[in-house]
Trainee: 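What follows is a structure written as structure tokens; I'll ask about it next.
Protein chains get the first letters and strands the later ones, always in sequence-line order, with residue 1 at the start of each. All values below were derived from every heavy atom in this structure, side-chain atoms included, with hydrogens, water molecules and symmetry-related copies excluded.
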Amino acid sequence: MVDFFAGLLALGFGFGLASWICSKALDRSNNIGDSHGDCKTYSFETTFTQKCSGVSRSDGMAFFDIYASKKIISDDVDDKAQVRRLTQEERKQKARQAPRGAYVSRNTDGYTAGKDKIPEWVKRTDKYF
Amino acid sequence: MATLCKNCSHALVFNPATQLLECSACGSMFRPEEVEAESKEYREDLKAEAAGEVYGDKEDKSLMDCYVYTCSECGGEIIVNGTEASTTCVYCGNPNVVFSRISRQKRPEFIMPFSVSKERAIELARNAVKKGVFVPREIKNFSVDCCRGIYLPYWIVKAKYADSVVIKGQVKSGKNSVTKYFGRSGTLDFDNLPIDASKALSDESSAKLEPYNLFKMKPFDEDYLSGFYSNVSDVTYSDVRSAALLRAQEFFNEEAINDVKNASAKEVISSCPSIKVDPDMVYAMLPAWFITFNYKGKHNTILVNGDSGKVVCGLPWKKVLFYCLLIGVGIALTVAAYFVFKATLPVFFSGSRSSSSSRSEGRIIALLIAGIVALFSTGIRKVIKVIKSINLTQDKEMFNFMKKRQG
């Protein structure tokens, strides 16, 4: 009985570990460059406004019900229209409509080049939010 | 039209190594911003036009979706599709930029010039492929069918993402572990996320080419297109929003999971994502090399980031070697594990133990079984990931995106 059980566990463990080792080697060998930029690269800033930790499922879902609906945001662009550059007039109008004090300085961490000079494309869209 | 040499009127080609426009006939070199060309005079007052408006009525489905230009060098007919912005003449091989017919609003604002040359891109691809243990010998010594430098259109998006998530995780409570739930609600702001603006190229492929160092971008000058192929944007706001939402959700979930401490096996079980995209997006062209080779009758396309030289591909594998290794390593580990378990298991099965210790031994065995399942599932998931990557490399749409160009 013990021998059979030990054999069964050994078989599972042996082939489980082998499949993990071989698949990892295969991933390294044949799946080249399977990654993309991270939060730092694209100056992502995450802010958690509400948190709850270590609660039961019902409390977790209650948290979700309360805050999920409050967090929905949307824009007013025409979904079916082809993306295009805005005209100077549209840009001026957008800047006028932006709330006061909406300027957000950009985080340029992660870039080595151009630290002394913020390019124009970074500056331009700073007043939207 | 091609940008011509001031000295001999031969077409100029952009050289990534020198970052200059070079004339192959007389050897003259010019800075792209110094060259004056008629095509640079854009009609500032024009509104953005649909391809149909620019090129004529496209309602007739019986006609092929392509447009005919005349090569400025030899007068030959150049055929391009509705989204191509630069190409090469099939007769004389000279570069031709067909951008001049596109209004200012369809013209990119910024461009990241190629800094990796064609030869270097092929060398980088070969070096990356050579390292693979499971890569067949024919692929390691692949012969290049075609290598094309293509400027991909991107919209650099600024957006605000909001989400509330519930995360399920295992928390230790004494000797046991219990399932607990964690809520995270918040926002994610991103300033410069590049979103691929070409429908023909899959978002998955273009995302893998990242990251691009956007600080290397320069104001758009069509002379940078000389000698390369390029496409213009053909996506809608809905496409951009969906792509940005997917990418942002991935990052938000990752951050939320990392924010939950002292828990294991964490996973997001509920989320309510929404996004607000700034309509004032930055239109840019980013460089990529597309290298194709044939293996067992299938076209494979290796992508190389034209700036950083990052190589992206999923390569077919030596299945016999993989399965032999899997079985060999599996047998060796099974034999080793058998002796270990045979020596330790009788301790668990001996009857002279208290109920509490036998409970903890039972837990160890349960943990071992869970570990085995986790090892198998991780292994299978990794193999599926590799297969997906191979399918992307052998994707017919990507091959057509690259191949269906003149020259």
Trainee: Under a 4.5 Å cut-off applied to non-hydrogen side-chain atoms, are A/Arg28 and B/Val133 in contact?
Mentor: no

Trainee: In terms of heavy-atom pairs under 4.5 Å, which option from B/Ala207, B/Ala263, B/Ala374, B/Ser270 contacts chain A the most?
Mentor: B/Ser270

Trainee: What are the two closest heavy atoms between A/Gly33 and B/Val312, and how far apart are they?
Mentor: O-CG2, 3.8 Å

Trainee: Among A/Gly7, A/Ala25, A/Gly16, A/Gly60, which residue has the highest count of heavy-atom pairs closer than 4.5 Å to chain B?
Mentor: A/Gly16

Trainee: Can you spot which of B/Lys208, B/Glu210, B/Lys310 makes a side-chain contact (heavy atoms from CB on, under 4.5 Å) with A/Ser35?
Mentor: B/Lys310

Trainee: Please look at A/Ile21 and chain B and tell me whether the side chain, the backbone, both or neither of the residue comes under 4.5 angstrom of a heavy atom of that chain.
Mentor: side chain

Trainee: Tell me, do A/Phe13 and B/Phe341 make a side-chain contact under 4.5 Å, heavy atoms counted?
Mentor: yes

Trainee: Relative to chain B, which segment of A/Phe63 carries a heavy atom at a distance below 4.5 Å: side chain, backbone, both, or neither?
Mentor: side chain

Trainee: Could you go through the side chain to side chain contact (heavy atoms under 4.5 Å, CB included) check for B/Ile365 and A/Phe5 one step at a time?
Mentor: CA-CA 11 Å; B/Ile365 289 170; A/Phe5 198 59; 4.0 Å; yes

Trainee: Examine whether an atom of B/Leu368 lies under 4.5 Å from a heavy atom of chain A, and if so say whether it belongs to the side chain, the backbone or both; otherwise answer neither.
Mentor: side chain

Trainee: B/Ser164 side chain to A/Tyr67 main-chain N or O, any donor-acceptor pair under 3.5 Å?
Mentor: yes

Trainee: Is A/Thr46 close to B/Thr187 at the side-chain level, that is, under 4.5 Å between some pair of heavy atoms?
Mentor: no

Trainee: Taking the side chain from A/Thr49 and the backbone from B/Ser185, do they hold a donor-acceptor pair closer than 3.5 Å?
Mentor: yes

Trainee: Which one, A/Asp27, A/Asp34, A/Leu11, A/Leu26, leads in non-hydrogen pairs under 4.5 Å with chain B?
Mentor: A/Leu26

Trainee: Given a strict heavy-atom distance threshold of 4.5 Å, which part of B/Arg381 is in contact with chain A: side chain, backbone, both, or neither?
Mentor: neither

Trainee: Counting only non-hydrogen atoms closer than 4.5 Å, does B/Ala197 touch chain A with its backbone (N, CA, C, O), its side chain (CB onward), both, or neither?
Mentor: neither

Trainee: Using every non-hydrogen atom in the two residues, find where A/Gly54 and B/Lys180 come nearest and quote the distance to one decimal.
Mentor: O-CD, 3.4 Å

Trainee: With only heavy atoms counted, which part of B/Asn262 is less than 4.5 Å from chain A, the side chain, the backbone, both or neither?
Mentor: neither

Trainee: Where does B/Val311 contact chain A at under 4.5 Å (heavy atoms): side chain, backbone, both or neither?
Mentor: both

Trainee: Can you say whether B/Ser377 sits under 4.5 Å from chain A via the side chain, the backbone, both, or neither, judging by heavy atoms?
Mentor: neither

Trainee: Among the options A/Thr47, A/Asn31, A/Ile32, A/Leu17, pick out the one with the most heavy-atom pairs lying under 4.5 Å from chain B.
Mentor: A/Ile32

Trainee: Most heavy-atom pairs under 4.5 angstrom with chain A, which of B/Lys168, B/Lys318, B/Arg247, B/Lys261?
Mentor: B/Arg247

Trainee: Atom CG in A/Asn30, atom NZ in B/Lys131: separation rounded to 0.5 Å?
Mentor: 13.5 Å

Trainee: May I ask you to decide if B/Asp280's main-chain N or O and A/Arg85's side chain share a donor-acceptor pair within less than 3.5 Å?
Mentor: no

Trainee: Would you mind checking which part of B/Val165 comes under 4.5 Å of any heavy atom in chain A, side chain (CB onward), backbone (N, CA, C, O), both or neither?
Mentor: backbone

Trainee: So do B/Phe182 and A/Cys52 actually touch side chain to side chain, heavy atoms under 4.5 Å?
Mentor: no

Trainee: What is the distance from atom CE of A/Met61 to atom OH of B/Tyr181, rounded to the nearest 0.5 Å?
Mentor: 9.0 Å

Trainee: Counting heavy-atom pairs under 4.5 Å with chain A, which one of B/Ile369, B/Leu375, B/Leu333, B/Leu325 comes out on top?
Mentor: B/Leu375

Trainee: Where on B/Glu204 is there a heavy atom nearer than 4.5 Å to chain A: the side chain, the backbone, both, or neither?
Mentor: neither

Trainee: Do B/Leu326 and A/Ser19 have side chains that approach each other closer than 4.5 Å (heavy atoms only, starting at C-beta)?
Mentor: yes

Trainee: If I take atom CD from residue A/Gln82 and atom OG from residue B/Ser238, how far apart are they, to the nearest 0.5 angstrom?
Mentor: 12.0 Å

Trainee: Which bit of B/Pro219 is near chain A, if near means a heavy-atom gap under 4.5 Å: side chain, backbone, both or neither?
Mentor: neither

Trainee: Is any side-chain heavy atom of A/Asp3 closer than 4.5 Å to one of B/Lys342?
Mentor: yes

Trainee: Taking the six-membered ring for Trp, is the centroid-to-centroid distance between B/Phe252 and A/Phe48 below 6.0 Å?
Mentor: yes

Trainee: Is the backbone of B/Phe134 close enough, under 3.5 Å, to the side chain of A/Ser29 for a donor and an acceptor to pair up by distance?
Mentor: yes

Trainee: With only heavy atoms counted, which part of A/Ser56 is less than 4.5 Å from chain B, the side chain, the backbone, both or neither?
Mentor: backbone

Trainee: I need the residue from B/Gly183, B/Gly379, B/Ala337 with the largest number of non-hydrogen atom pairs under 4.5 Å to chain A.
Mentor: B/Gly183

Trainee: Quick one: which of B/Thr393, B/Thr334, B/Val171 has the most heavy-atom pairs under 4.5 Å with chain A, could you say?
Mentor: B/Thr334

Trainee: Hey, could you give me the CZ/CD distance between B/Arg184 and A/Gln50, rounded to the nearest 0.5 Å?
Mentor: 11.0 Å

Trainee: Quick check on B/Ile269 against chain A: is it the side chain, the backbone, both or neither that has a heavy atom closer than 4.5 Å?
Mentor: side chain

Trainee: With a 4.5 angstrom heavy-atom cut-off, which part of B/Val235 approaches chain A: side chain, backbone, both or neither?
Mentor: both

Trainee: In this structure, are over 12 heavy atoms from other groups packed under 6.0 Å from A/Trp20 atom CH2?
Mentor: no

